[in-house]
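Working notes, structure below.
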Amino acid sequence: MEPSPIRYTRAGDVSIAYRTLGDGPIDFVFISGAISNLELDWDEPTYADFMRRVASVSRVITFDRRGVGISDRVPSPSLEDRMDDVRAVMDAVGSRGAVLFGFLDGGAMATLFAATYPDRARAVILYAFEPRRTWAPDYPWGMSADAARQLIEDAFVGWNDSERHVREELPITAPDHAADEDLVKRLVRWRRLSTSPGAFADFRRVNLDVDVRHVLPAIRVPVLVLHRPGQQLILREVSRYVVERIPSASYLELPGRALWPFLEEGHEMTDAIERFLRESAETPPEDESDRVLVTILFTDIAGATKRAAELGDARWRELLGEHHRLVRRQLARFRGSELDTAGDGFFASFDGPARAIRCAATIAEEVRSLGLEVRAGLHTGECELVDGKVAGIAVHIGARVAAGAQPGEVLVSSTLKDLVAGSGLQFEERGQRELKGVPGEWRLYALES
């Protein structure tokens, strides 16, 4: 069984390389880490054997995410951009729904995709996935700030002497294969032709800022979390943490000491994947989900009552009409959905967090040409779909965040900020606040202009 020829599709204005293998009853999308090159992947015998076994029960879909391999080399793609790569590739091969396999930081892409597009994700398999990389008071397994800085520096050092670096890594990442000289040479070439030192450092820098823990409870499709206790990098406690936060998750421990999924002495990993794929293929797809992860945007005009009194009813109606047309143009541009309009305020939803923030920032900037200032507040959370509208606590949080914004300010929750690492958006902390009617305190951030 041989893979299809390499093809390209467009995700926005970026070209993404992809190929398929097999024609099984269910699609399997493999989302790897930053080391990937479709021209080289199949030269690695263990990788090819892994994929052929999976393809015996599915159609395997592989791709090079933006910035990697033979896809367009773009700087520091955000998690949202990478998620769009998955959707673009699935569209290109005619896949209406697939089982997503998230490996390393590919797990963040898989979880965000499954929560945002539950109708496109039949199920999810996670392996060697950390929802957050750095330490936090409520996440004690993350690395320290010093270790994070060293990790970024190692990205440069490792490329200057790749062979030595691979030899030092293999006793940790694949101890049973550390003496395999042919594997060392293949991994060195694989690494060098997957990405560059600066790009790999940028990937690591972005991933250190990503935190998808708040996304996990919003996943409703079946999830299988795989863990090899024998490997040395991902703690069992982290995998168990993920399972405990996904309502639909199950957990399976496997033998083996390698971090890489395709390096295994037996076939326990592929056997587990094949069983899960067969079960997924035999289970009819869920009807369109009534709960999805969305980004909520609220805007309103600051000082609207005073301004209306100054202008008079006729001129105010005219100005309000100009404002509404401007806002709707930006909602269309950034793929937002208008959900409600009340007086001078808008309520909209987005399937991409960075696009929602950029839409809000553009609106805040453009309305100044009308002599107006708007307040904007945003939050990402799970919402219930009711007759095409969204409802739930996430909507109330978004409204309360907007109520705390100053004129001309775009204010976001920490949940949203953690999802837009790598987008180029910068924020200034506004401290912790109580949101009326919402339990607990919420850390808020203002978008820097």
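Numbering starts at 1 and runs along the sequence shown. Predicted model only: the values in this text are computed from it and were never measured.
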- Query: Could Arg245 and Tyr241 be counted as a cation-pi pair, given that NZ or CZ must be under 6.0 Å from the ring centre and within 45° of the axis?
  - Reply: yes

- Message: If we ignore hydrogens and angles and just use 3.5 Å, is the side chain of Arg228 paired with the main-chain N or O of Ala258 as donor and acceptor?
- Response: yes

- Message: Quick test of your reading of the model: are Arg167 and Glu181 salt-bridged, counting only N-O distances below 4.0 Å?
- Response: yes

- Message: With a 4.0 Å cut-off on N to O distance, would you call Asp105 and Arg133 a salt bridge?
- Response: no

- Query: Considering the options Leu226, Val243, Thr111, Leu216, which one meets the side-chain contact (heavy atoms from CB on, under 4.5 Å) requirement together with Leu126?
  - Reply: Thr111

- For Tyr117 and Arg87, run side-chain hydrogen bond (donor to acceptor under 3.5 Å, both in side chains): C-alpha distance rounded to whole Å, both residues' side-chain angles, the deciding distance at 0.1 Å, then the answer. CA-CA 9 Å; Tyr117 306 112; Arg87 188 175 60 173; 2.9 Å; yes

- Message: Please report whether the ring centroid of Trp260 lies less than 6.0 Å from that of His177.
- Response: no

- Task: Give me the ring orientation class for Phe101 and Phe50: parallel if the planes are under 30° apart, tilted from 30 to 60°, perpendicular past 60°.
- Result: perpendicular

- Below 4.0 angstrom, N of the basic side chain to O of the carboxylate: do Arg275 and Glu279 qualify? no

- Quick one: does Glu274's side chain have a donor or acceptor within less than 3.5 Å of a partner on Val54's backbone? no

- Item | Step-by-step side-chain contact (heavy atoms from CB on, under 4.5 Å) determination, Tyr8 to Ser15 | CA-CA 6 Å; Tyr8 283 87; Ser15 298; 4.0 Å; yes

- Note on the structure: So OH of Tyr18 and CE of Met90: to nearest 0.5 Å the spacing works out to 13.0 Å

- Query: Do Arg358's NZ or CZ and the ring of Phe334 fall within the cation-pi criteria of under 6.0 Å and 45°?
  - Reply: no

- Going through the distances and angles, do Asp91 and Arg120 end up as a salt bridge (Lys or Arg N to Asp or Glu O under 4.0 Å)? CA-CA 10 Å; Asp91 289 344; Arg120 303 294 300 274; 2.9 Å; yes

- Item | Contact check, side chains of Asp49 and Arg53, non-hydrogen atoms, under 4.5 Å | yes

- Do the side chain of Asp180 and the main chain of Asp182 share a donor and acceptor less than 3.5 angstrom apart? yes

- Smallest heavy-atom separation, Arg82 atom then Pro77 atom, equals NE-O, 3.6 Å

- Query: Within a strict 4.5 Å, meaning less than it, do heavy atoms of the Phe347 and Ser349 side chains meet?
  - Reply: no

- Electrostatic pair Arg236-Glu253, nearest N-O below 4.0 angstrom: yes

- Task: Apply salt bridge (Lys or Arg N to Asp or Glu O under 4.0 Å) to Glu409 and Arg430, showing your working.
- Result: CA-CA 11 Å; Glu409 187 175 62; Arg430 288 288 188 260; 2.9 Å; yes

- Query: Would you say Arg443 has more than 12 foreign heavy atoms packed within less than 6.0 Å of its CZ?
  - Reply: yes

- Item | Polar side-chain atom of Arg19 near backbone of Leu38 as donor-acceptor pair, under 3.5 Å | yes

- Message: I'd like to know if the side chain of Arg122 reaches the main chain of Thr283, judged simply by a donor and an acceptor atom lying under 3.5 Å from each other, with no hydrogens or angles considered.
- Response: yes

- Message: Could you check whether any side-chain N or O of Asn207 sits under 3.5 Å from a backbone N or O of Phe203, counting only pairs where one atom can act as donor and the other as acceptor?
- Response: yes

- Query: Distance from Asp27 atom CG to Thr20 atom OG1, nearest 0.5 Å?
  - Reply: 9.0 Å

- Task: Show the numbers, then the answer: is there a salt bridge (Lys or Arg N to Asp or Glu O under 4.0 Å) between Asp43 and Arg186?
- Result: CA-CA 8 Å; Asp43 292 340; Arg186 293 196 304 269; over 6 Å; no

- Query: Is Ser423 reaching over with its side chain to a backbone N or O of Val420, donor-acceptor style, under 3.5 angstrom?
  - Reply: yes

- Minimum heavy-atom distance Asp41-Trp190, with the two atoms named: OD1-NE1, 2.7 Å

- For the residue pair Tyr47 and Trp42, does the interplanar ring angle fall in the parallel (under 30°), tilted (30 to 60°) or perpendicular (over 60°) class? perpendicular

- Item | Heavy-atom closest contact (Ser413 atom, Leu444 atom, distance) | CA-CD2, 3.9 Å

- Glu441/Arg433 ion pair, N-O < 4.0 Å: no

- Do Gln231 and Arg257 come close enough that some side-chain heavy atom pair is under 4.5 Å? no

- Message: Walk me through whether Phe30 and Leu21 qualify under side-chain contact (heavy atoms from CB on, under 4.5 Å).
- Response: CA-CA 11 Å; Phe30 185 77; Leu21 177 72; over 6 Å; no

- Message: Just by distance, no angles: are the side chains of Arg191 and His165 close enough, under 3.5 Å, to form a donor-acceptor pair?
- Response: yes

- Query: So does Arg149 pair up with Glu153, basic N to acidic O under 4.0 Å?
  - Reply: no

- Query: Any ion pair linking Asp202 and Arg205 (charged N to carboxylate O, less than 4.0 Å)?
  - Reply: yes

- Task: Taking only Lys NZ, Arg NE, NH1 and NH2, and the carboxylate oxygens of Asp or Glu, determine whether Arg213 and Asp138 approach each other closer than 4.0 Å.
- Result: yes

- Message: Between Gln150 and Asp146, do the side chains contain a donor N or O and an acceptor N or O under 3.5 Å apart?
- Response: no

- side-chain hydrogen bond (donor to acceptor under 3.5 Å, both in side chains) between Ser194 and Asn37, intermediate numbers included: CA-CA 5 Å; Ser194 291; Asn37 184 308; 5.4 Å; no

- If only atom types and distance count, is the side chain of Ser248 paired as donor or acceptor with the main-chain N or O of Val221 below 3.5 Å? yes

- Under 3.5 Å: donor-acceptor pair, side chain of Gln232, backbone of Pro171: yes

- Task: Quick one: pull up OH in Tyr445 and CG in Leu425 and give me the separation to the nearest 0.5 Å.
- Result: 14.5 Å

- Query: Hey, is the main chain of Ile70 close enough, under 3.5 Å, to the side chain of Asp64 for a donor-acceptor pair?
  - Reply: yes

- Message: Distance check, rounded to the nearest 0.5 Å: Ile273 atom CD1 versus Ser280 atom OG?
- Response: 11.5 Å

